[in-house]
Asker: 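The structure follows.
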Amino acid sequence: MSYLEAKEKYSNLGVDTENAMEILKNIPISLHCWQGDDVRGFDTDPDKPLTGGIQTTGNYPGRARTFEELTSDIDTVLGLIPGKVKLNLHASYAIFEKGDFADRDRLETRHFKKWVDFCKERGLGCDFNPTFFSHPKCDPLTLSSPNEKTRKFWIDHGKACIRISSYLANELNCECIMNIWTGDGFKDIPADRMGPRQRYRESLDEILSETYDFSKVKPCVESKVFGIGVEAYTVGSAEFALGYSAANRGKCIPLMDNGHYHPTELVSDKISSLLTFFPEIALHITRGVRWDSDHVVLFDDETREIAREIVRCGGVDGKVKIALDYFDASINRISAWVTGYRSLQKALLFALLQPNNTLQSLQNTGDFTTLMVLQEDLRSAPFGDVWEEYCIRQNKPADGMWLPKIKKYEETVLSKRG
Ligand code: RNT
Ligand code: ZN
């Protein structure tokens, strides 16, 4: 076969496989730099634990420790994933040359010049994130701290990050999504839930008072339900993040991370609700497993359903800003990275290969019997053949062909790291 037969089968269902592949290769997906080094960054002691309610578990050898190691790993990933990649950086990945250290409140665009060069050489856009965790100035609160000095430090960090995001957008001629997430919260029942939220709101107002062009820089506010060590109360809850972005239209947009909700709450069901009210939204695609919100993304039901919603809501034209967010230190990190990126590409291709008009009219005419049967049949349509064709056309390895390359890289490069 196989592609031509698959093409014909899909065509009989009213689906144009050529069109699907054409759309897919232009959907930007942000590749998070932090899978390569267990979210350590370059600006703090790598032996200090990750804070902010997030954790990497596992000690698989080969973690990247420098800009050179991390970019070498990213290049390996780029060779193995089809699609339109954007890079996603955290402020903690600033590069300090020859003693030019600056704390997070003093970061400047020059600390990201090497990253800009890296992106330019590869034709990548770049997204950005202030880093409100794993730092001695987390007390442990940041933007919601009652300590005015602490809060000011983190506000200044946020403002510096807005300037850096503008720099990235201008240099790379590509919209920069700047995501604000803090792990602020409490392990146990607080006495004052309102105070931290009011302070967080004021801090965000101050950060967003920095000048930026909203058509180029899109600040986002990411919510969370709980984190490890902050189980009882999260300042930036779902209602907080949504409320803030609704009240500040034209200045920021909401970001949903699908690992940040109660297990039976699904982000696939939330996308259309948000798009009813917000012209643009952002997503962190991840996989929640029990207490962990950051397992490697797989080609599973919810990833497919999120992708179907993105496609059906017209999100592929830029309305939905898509980023990946997971970190696993228990398996080969490059393989984790590639598995997640390819899984999301697969999910989007699967979504683009649905006869959405037919399915919609079955719903609208109340024919739920046919709707169920057809949706089930579509699961075993010859999707794999179209996926393989897409990989080949993108000059990227098909399934089964890329892991040996990573094993080779592990043997020649990763295993040599101390
Ligand atoms: C944490 C949030 C946040 C981080 C990254 C590193 O729960 O999802 O987005 O994972 O900023
Ligand atoms: Zn996230």
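Numbers here are sequence positions counted from 1. Atoms within each ligand, like the ligands themselves, are counted from 1 in listed order.
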Asker: List for me each residue that meets side-chain hydrogen bond (donor to acceptor under 3.5 Å, both in side chains) alongside Arg342, sequence neighbours excluded, and say none if there are none.
Answerer: Asp399
Asker: For the aromatic rings, using the six-membered ring if either is Trp, is the centroid distance between Tyr244 and Tyr200 under 6.0 Å?
Answerer: no
Asker: With a cut-off of 4.0 Å, which atoms of ligand 1 are near a heavy atom of Ile54?
Answerer: 1 (C), 7 (O)
Asker: What are the protein N, O or S atoms, given as residue plus atom name, that sit under 2.8 Å from the Zn ion (ligand 2)?
Answerer: Glu222 OE2, Asp257 OD2, His284 ND1, Asp325 OD2
Asker: If we check side-chain contact (heavy atoms from CB on, under 4.5 Å) with Asp328, which of these qualifies: Val296, Asp292, Thr57, Asp38?
Answerer: Val296
Asker: Would His260 count as being in polar contact with ligand 1, using the rule that some N or O on each side must be under 3.5 angstrom apart?
Answerer: yes
Asker: Starting from atom 7 (O) of ligand 1, which protein heavy atom do you reach first, and at what distance in Å?
Answerer: Lys224 NZ, 2.7 Å
Asker: With rounding to the nearest 0.5 Å, note down the distance linking CG in Asn332 to NZ in Lys407.
Answerer: 8.0 Å
Asker: At what distance is the nearest protein heavy atom to atom 9 (O) of ligand 1, and which residue and atom is it?
Answerer: Glu222 OE1, 2.7 Å
Asker: Please list, in number order, the atoms of ligand 1 under 4.0 Å from a heavy atom of His284.
Answerer: 9 (O)
Asker: Can you tell which of Phe240, Phe186, Phe226 makes a ring-ring contact (aromatic ring centres under 6.0 Å, His included) with Tyr233?
Answerer: Phe186
Asker: For ligand 1, which atoms, with element, lie under 4.0 Å from some heavy atom of Asp257?
Answerer: 8 (O)
Asker: Report yes or no: is the cationic atom of Arg304 (NZ for Lys, CZ for Arg) closer than 6.0 Å to the six-membered ring centre of Phe350, at no more than 45° off its axis?
Answerer: yes
Asker: When Phe299 is tested against each of Trp387, Tyr341, Phe383 for ring-ring contact (aromatic ring centres under 6.0 Å, His included), which residue passes?
Answerer: Phe383
Asker: Using a 4.0 Å cut-off to any heavy atom of Phe327, which atoms of ligand 1 qualify?
Answerer: 10 (O)
Asker: Taking the six-membered ring for Trp and the full ring for Phe, Tyr or His, determine whether the centres of Phe133 and His90 are under 6.0 Å apart.
Answerer: yes
Asker: Could you find the nearest protein heavy atom to atom 10 (O) of ligand 1 and give me its residue, atom name and distance?
Answerer: Asp325 OD2, 2.8 Å
Asker: Got the closest protein heavy atom to atom 11 (O) of ligand 1, with its distance?
Answerer: His90 NE2, 2.8 Å
Asker: Checking side-chain contact (heavy atoms from CB on, under 4.5 Å) for the pair Val320/Leu275: CA distance, chi angles, key distance, verdict?
Answerer: CA-CA 9 Å; Val320 180; Leu275 285 175; 4.0 Å; yes
Asker: Taking non-hydrogen atoms only, is His32 closer than 4.0 angstrom to ligand 1 via side chain, backbone, both or neither?
Answerer: neither
Asker: Is it true that the side chains of His32 and Asn129 contain a donor and an acceptor less than 3.5 Å apart?
Answerer: no
Asker: Applying the salt bridge (charged side-chain N to carboxylate O under 4.0 Å, His left out) test to Asp73, which of Arg63, Arg417, Arg333, Arg65 qualifies?
Answerer: Arg417
